There are 2 protein chains.
Amino acid sequence: MAQVSKNNGEGPDKRVWMTYGGCVYDVTDFIGNHPGGSHKILLAAGGPIEPHWHDLPQRYMEKMLIGELHPSDQEKVDEIMDKLSEESDPYENEPTRSPLLKVHNETPMNAEVPADILNSQYITPVSEFYIRHHHPVPLLSKEQEEAFRLDVDLSLLSGQKQTAKLSLAQIKSLPKVEVTSTLQCSGNRRSGFNDLRETSGTPWSQGAISTAKWGGARLVDVLMLASEQLAIEQEPAEGVYCTSKSHSISSLPETLQNVQRLLDQHPNLQHIRFESLDGMLSSIDVGKALSPFGDVIIAYEMNDGILNREHGYPLRVIVPGYAAVRSPKWVSRLELAEEEAEGAWHRGLNYKILPPSVHNASEVDLEQMPGLSEVSVFSGITKVSRVVEASGDAVQRLVPGETVLVKASGWAWAGGGRNIVRVDVTGNNGKTWESTNITHGFNQPYGRAWAWVFWECPSIPATVCEDGISVELCCKGVDKAFNTQPESSDGMWNVRGLGNNSWFRLRHKVV
Amino acid sequence: MAQVSKNNGEGPDKRVWMTYGGCVYDVTDFIGNHPGGSHKILLAAGGPIEPHWHDLPQRYMEKMLIGELHPSDQEKVDEIMDKLSEESDPYENEPTRSPLLKVHNETPMNAEVPADILNSQYITPVSEFYIRHHHPVPLLSKEQEEAFRLDVDLSLLSGQKQTAKLSLAQIKSLPKVEVTSTLQCSGNRRSGFNDLRETSGTPWSQGAISTAKWGGARLVDVLMLASEQLAIEQEPAEGVYCTSKSHSISSLPETLQNVQRLLDQHPNLQHIRFESLDGMLSSIDVGKALSPFGDVIIAYEMNDGILNREHGYPLRVIVPGYAAVRSPKWVSRLELAEEEAEGAWHRGLNYKILPPSVHNASEVDLEQMPGLSEVSVFSGITKVSRVVEASGDAVQRLVPGETVLVKASGWAWAGGGRNIVRVDVTGNNGKTWESTNITHGFNQPYGRAWAWVFWECPSIPATVCEDGISVELCCKGVDKAFNTQPESSDGMWNVRGLGNNSWFRLRHKVV
């Protein structure tokens, strides 16, 4: 171990060794390629990997094996690990949370916004924004914060390894853009499927959705900054003959300004991959990422304040109009890529909507099914009350089948920037529909309506149910492409319980 | 009239006079502003307007009144008009049409593709492409063809009247782009609404949809060419002091390459308007028009041949993924604009989907309702047959309620470039769904899937109907945003009968 510790990247030959399970590896050439980012792998430079990670990719490791650790040194490592596992709780540094949220799971935290406060403010307060984590919330020490760099891997453009490292200050020096965007968990309203047939995942009601004003730098500007940094570093010495610059990093700012040319020159540029401090892997298609109308940002602010740990400090990707899983928190690495992200969240079952005929996911070829990106049209009802006449007859007994008047309010949202043009509501299972008034969010830019609308309807004829005391309301939103919500969940049930956007149904007591 | 005829724009002072209804107008200053394009208004230069148009906008005309025509001259005009109205049939020059099309209306021609040939070829042959006209098909004389120019009005950028005139040869000199795109009439499947409640418009079945390979120049390239032409014409003479070029036409090529900058500099640029030789007015939002991922072209080819008169010769706009009304044929004028197109087709009821609660369009404020742009997800079944076992038992009598196996095929398509990820089909009204095989069109670029898919399903359990001889199949498509088709048309009925994308239902005899 004494010998290993000298190879910590700071010696004269800059080699980096690490140990794992009694073996010694020279990882020097791998550092730039590490999917978790080089700053992360360097945490273990000159020492044991165990305290930092488990589940190493064996196919990479074998090539880097250079020797064995002395057994007594490995025993010391094992002792440290035993002690750590006794002492440490990976969730011991979770942020404090609002008691208003309805918690489905503590570790990782999954919590939704209860219906009674979901619509209380158009911009959800930070403390009441729904939480859907896959891992513990990363905690950076003061030193780690200072050392934090966003790795931007542009290797695809030149065919050579080229990763820029951008500091927070550099990213904040770019023009700040503000985007008010709704985020929704892909499993929102999953509980509605479970009545039909069991699905896997958190049984969200309608509250896995919230809206914030995000502030940050345009993704395109971040890529341009990264390419400028690399171009300066790699400028050929004077007198060196430069064969062609047409595919070099230094031409990126120019081609990014002209996205059409970039695509023509690099037809293999199809995805932008994201990697996060918690290990999350995700990606989006280049059409969304680079469109001047896509509004994708690398955010460092939320609701005018510094983005907090819970929601992604120091940096979070915001991909408006896409399922929230494509807006990863704690992002530490961007990569221009030919293929979508590796990993369960993009290629696995987790975020894929299978056909209703499939009850066993192993029956299908997941590669033929796209992962979630844009969101379909959703809506919900959060408040209902009876319209009481002056005579105060609301307390009378009601006869099943008779009609009473109620008022209701709620929300609606569609992905892809598709404006909500209308929300319809019915109190008689669709026999007649009432148009609602959009009270908030109506005037969003055409095709860039990234945030929800709020609606209210002052008078809905509703049929009294068999029980004589309640009515059932349904609502459906309509987006600018005139997509609407299907009547029932039956035809859209899927193993993972994703994308349940059937008519929102709410039974409500009116007596 | 002799005096009028001298003011035909070719005199020394270039004044242009015209007469209408006994009055004489000096229209010189109006020519550049004419919504029909200046080449069109000049047809009447130095003579009577009557043979060319009726329904002149009075608010414009009053300001230009300069005198009265001698009564005997007006009598001559009236005689000409009487003769013209006796002789001329505006529909006398219609193209020859395929007898395979199912004609709903002759003047103007509205004809759909019968189900039995709708899916026979992925690229619809030109002669079998559905036809939906609003007016007679324009016929250009040899001279008119040679004189034809596409007017491109860029006045919005500089605040001064600036219209470039591009010849066909100039447009064809731009890089040719090919886009395979489906077009669908917004009223496709309207007949399904009429069973519920009467709507206005052609009672299309499922055949007001077709797919072609369109060839032409990118809209963005046409705008750049126009700006270059104007910049050259208006280059200041040497020594002339030029205050600022930041908002001038000459900076357009540069800013169009960088759309973000163009939008920052010209926030009032919101729409691109189109005007056609037949008087059609239409527009699209700037996000679709200028996005490098929008694939909007000015087409002059269809299925590798010259675009024919029926489908828009000499030029047609193709706006992939939008309702076909936004892809106007015979386009003669483009204009950068702050507001969407004037006219019934954009702002009127014609292409607006009202709520199902509205039975009388005068009840609503049409300005609050967007015109159609992107299309929702649609699908159809075109062929069904019973799966006959070797024993040949298909001819037996069937018992209502029993299950027989059928196979079926059809099409599906979604607007906005949203790929069809799946088509489901059921023979028992949705109790169980079968996944279908996509046979054509599956591998379109992500988010730029402008054309339909074909699907087939080899084995669908179908319940025999009450009549003992037929089954009812339904299908629904699912797009990449996991929008799907609603079960019934009830909740989407609208006065104009647009956008009927409920489950496609087909009753089919199996005995």
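When reading the values below, keep in mind they use all heavy atoms of this one structure, side chains included, and skip hydrogens, waters and symmetry mates. Reminder, nothing fancy here: chain letters follow the sequence lines and each chain counts from 1. Nothing here was measured: the structure is a model prediction, and the numbers come from that model.
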- prompt: Is the B:Trp433 to B:Trp503 ring centre distance short of 6.0 Å?
  reply: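 Here the rings of B:Trp503 and B:Trp433 have centres that are less than 6.0 Å from each other.
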Under 4.5 Å heavy-atom distance to chain B, tell me which part of [X] shows up: side chain, backbone, both or neither.
| X | value |
| --- | --- |
| A:Val377 | both |
| A:Leu354 | backbone |
| A:Gln368 | both |
| A:Thr432 | neither |
| A:Leu498 | neither |
| A:Asn483 | both |

Using a cut-off of under 4.5 Å for heavy-atom pairs, which of [options] has the most such pairs with chain A?
| options | answer |
| --- | --- |
| B:Asn419, B:Leu256, B:Val286 | B:Val286 |
| B:Met369, B:Lys476, B:Glu434, B:Lys288 | B:Lys476 |
| B:Asp424, B:Asp490, B:Val358 | B:Asp424 |
| B:Gly499, B:Pro370, B:Gly430 | B:Pro370 |
| B:Pro486, B:Ser488, B:Ala481 | B:Ala481 |
| B:Arg418, B:Glu487, B:Lys431 | B:Arg418 |

Which residue out of [options] racks up the most heavy-atom pairs below 4.5 Å with chain B?
| options | value |
| --- | --- |
| A:Gly447, A:Ser357, A:Gly287 | A:Gly287 |
| A:Gly417, A:Ser376, A:Gly415, A:Gly321 | A:Ser376 |
| A:Gly294, A:Gly416, A:Gly491, A:Ser435 | A:Gly491 |
| A:Ile353, A:Asp479, A:Val259, A:Asn501 | A:Ile353 |

message: Looking at A:Val478, is its backbone amide N or carbonyl O close enough to the side chain of A:Arg422 to form a donor-acceptor pair, meaning the two atoms are under 3.5 Å apart?
response: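 Such a contact is absent between A:Arg422 side chain and A:Val478 backbone.
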message: We want to know whether B:Ser379 and B:Gln485 form a side-chain donor-acceptor pair, criterion being a heavy-atom distance below 3.5 angstrom.
response: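 There is such a pair (donor and acceptor under 3.5 Å, judged by atom type) between the side chains of B:Ser379 and B:Gln485.
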query: Just checking, is any N or O donor in the side chain of A:Trp455 or A:Asn437 under 3.5 Å from an acceptor N or O on the other one?
result: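 Judged by distance alone, the side chains do not pair up.
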- prompt: Do A:Cys457 and A:Cys475 have side-chain heavy atoms sitting under 4.5 Å apart?
  reply: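 Counting from C-beta outward, A:Cys457 and A:Cys475 never come under 4.5 Å.
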- prompt: Are any of the side-chain heavy atoms of B:Glu338 and B:His271 separated by less than 4.5 Å?
  reply: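 No; the side chains remain at least 4.5 Å from each other.
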field: Carboxylate-amine/guanidinium proximity below 4.0 Å for B:Arg261 and B:Glu254
entry: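 A salt bridge is present here (some side-chain N lies under 4.0 Å from a carboxylate O).
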message: For B:Glu367, is there an ion pair with B:Lys352 - N to carboxylate O distance below 4.0 angstrom?
response: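 Result for this pair is no, no salt bridge flagged.
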query: Roughly how far, to the nearest 0.5 Å, is CZ of A:Arg505 from SG of A:Cys474?
result: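 A:Cys474 SG to A:Arg505 CZ: 4.0 Å, rounded to 0.5 Å.
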field: Distance (rounded to the nearest 0.5 Å) between B:Leu252 CG and B:Leu223 CG
entry: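 So the gap between those two atoms works out to 6.5 Å.
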